[in-house]
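Have a look at the structure below before the remarks.
Note that the numbering runs from 1 along the sequence shown for the chain. Since we're looking at a predicted model, the values are computed, not measured.
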Amino acid sequence: MIEADAQPGIVADIVMLNAFDGGRSRGISIDDTTRYMPHLAIDDRANRKARTDENNLGTEHYMGVLFRPALSIVDPATGSGRYPLTLMYHPRVDYITLVCGATFTVREGGRIVGHGVVVSGYSAPTRNV
């Protein structure tokens, strides 16, 4: 099992979509006992459709994250706010694109349920030699 506290992280401002806009039927509420682990895909925040090839296979790079309790909430109904995110599958998954200012969509499978921007980006952990 991956130890979340040992993994690197980022901070992002995230807008979760409501059901009317194609998002979740209820918002997210993250605390120390909650595990919400969607994927991020670098993308335009306005996109609402996963990109696929002619065989309907996804063509985007999905990066698994763990939401930590919000640093601030701007919409309690959806859970939109500023979140620390743990990069759960580092180093097996490449998170190098999650730099400050990068925009992304939040995915549950092929469904886009939110979007955001990185406010404190990924930096590769350093190794002691």
Checklist outcome for this item: Separation between CD1 (I10) and CG (L85), nearest 0.5 Å, reads 4.5 Å

Checklist entry - Quick one: CE on M16 to CG on D21, what's the gap to the nearest 0.5 Å? => result 12.0 Å

Next on the checklist: Show every ring pair (Phe, Tyr, Trp, His ring centres under 6.0 Å) that has at least one partner inside residues 10-36, sequence neighbours left out.
Outcome noted: Y36-F67

Next on the checklist: Would you say M37 ends up clustered with M63 if hydrophobic residues are merged whenever their side chains have heavy atoms under 4.5 Å apart, either directly or through other cluster members?
Outcome noted: yes

Item to check | Evaluation steps, side chain to side chain contact (heavy atoms under 4.5 Å, CB included), between E108 and H39 | outcome: CA-CA 7 Å; E108 290 181 1; H39 290 91; over 6 Å; no

Checklist outcome for this item: Rounded to the nearest 0.5 Å, the CD1 atom of I112 sits from the CZ atom of R107 at a distance of 4.0 Å

Checklist entry - Are the side chain of R24 and the backbone N or O of R26 linked by a donor-acceptor pair below 3.5 Å? => result yes

Item to check | Distance, nearest 0.5 Å, that separates CG of L17 from CZ of R111 | outcome: 9.0 Å

Checklist entry - Are the side chain of Y95 and the backbone N or O of Y89 linked by a donor-acceptor pair below 3.5 Å? => result yes

Next on the checklist: Counting neighbours of CG on D32 that are heavy atoms of other residues, nucleotides or ligands and sit closer than 6.0 Å, is the number greater than 12?
Outcome noted: no

Item to check | Minimum-distance pair of heavy atoms, taken over all atoms of S120 and C100 | outcome: N-SG, 4.5 Å

Checklist outcome for this item: Closest heavy-atom pair, A50 versus G110, reported as atoms and distance to 0.1 Å, is CB-O, 3.4 Å

Checklist outcome for this item: P69 and Y83 have their tightest heavy-atom pair at C-CD2, 4.3 Å

Item to check | Over 12 non-hydrogen atoms of neighbours within 6.0 angstrom of CZ in R45 | outcome: yes

Item to check | Same apolar cluster: Y62 and L87, side chain cutoff 4.5 Å | outcome: no

Item to check | Non-neighbouring partners of T34 that pass side chain to side chain contact (heavy atoms under 4.5 Å, CB included), sequence neighbours left out | outcome: I30, D31

Checklist entry - If you look at every heavy atom in S25 and A19, which pair is closest and at what distance? => result CA-CB, 4.0 Å

Checklist entry - Does some side-chain heavy atom of L57 sit less than 4.5 Å from a side-chain heavy atom of T52? => result no

Checklist entry - Is the backbone N or O of H90 less than 3.5 Å from a side-chain atom of Q7, with the two atoms forming a donor-acceptor pair by type? => result yes

Item to check | Any donor-acceptor N/O pair, D75 side chain to G79 backbone, under 3.5 Å | outcome: no

Next on the checklist: For a 4.5 angstrom cut-off between non-hydrogen side-chain atoms, does V119 reach R82?
Outcome noted: yes

Checklist entry - Can R68 and T86 be counted as having a side-chain donor-acceptor contact under 3.5 angstrom? => result yes

Item to check | Point-to-point distance, once rounded to the nearest 0.5 Å, from CD1 of I28 to OG of S80 | outcome: 7.5 Å

Checklist entry - Are the side chains of V118 and F104 in touch, meaning some heavy atoms are under 4.5 Å apart? => result yes

Item to check | From V65, V93, L66, residue fulfilling side-chain contact (heavy atoms from CB on, under 4.5 Å) relative to M88 | outcome: L66

Next on the checklist: I'd like to check T105 versus L40 (side-chain heavy atoms, cut-off strictly below 4.5 Å). Are they in contact?
Outcome noted: no

Checklist entry - Given the rule in the side chain to side chain contact (heavy atoms under 4.5 Å, CB included) test, do D44 and H115 qualify, once you have shown the distances and angles that lead to the verdict? => result CA-CA 8 Å; D44 185 303; H115 56 86; over 6 Å; no

Checklist entry - Can you find a pair of side-chain heavy atoms, one from I14 and one from V106, that are under 4.5 Å apart? => result yes

Item to check | Atom pair OG1 (T103) and CG (L98), whose distance is rounded to the nearest 0.5 Å | outcome: 10.5 Å

Item to check | Smallest separation among heavy atoms of N47 and K49, with atom names | outcome: ND2-O, 2.9 Å

Checklist entry - Would you call D94 and H61 a side-chain contact if the rule is heavy atoms closer than 4.5 Å? => result yes

Next on the checklist: Donor-acceptor pair, distance only, cut-off 3.5 Å: does the side chain of E60 make one with the backbone of A41?
Outcome noted: no

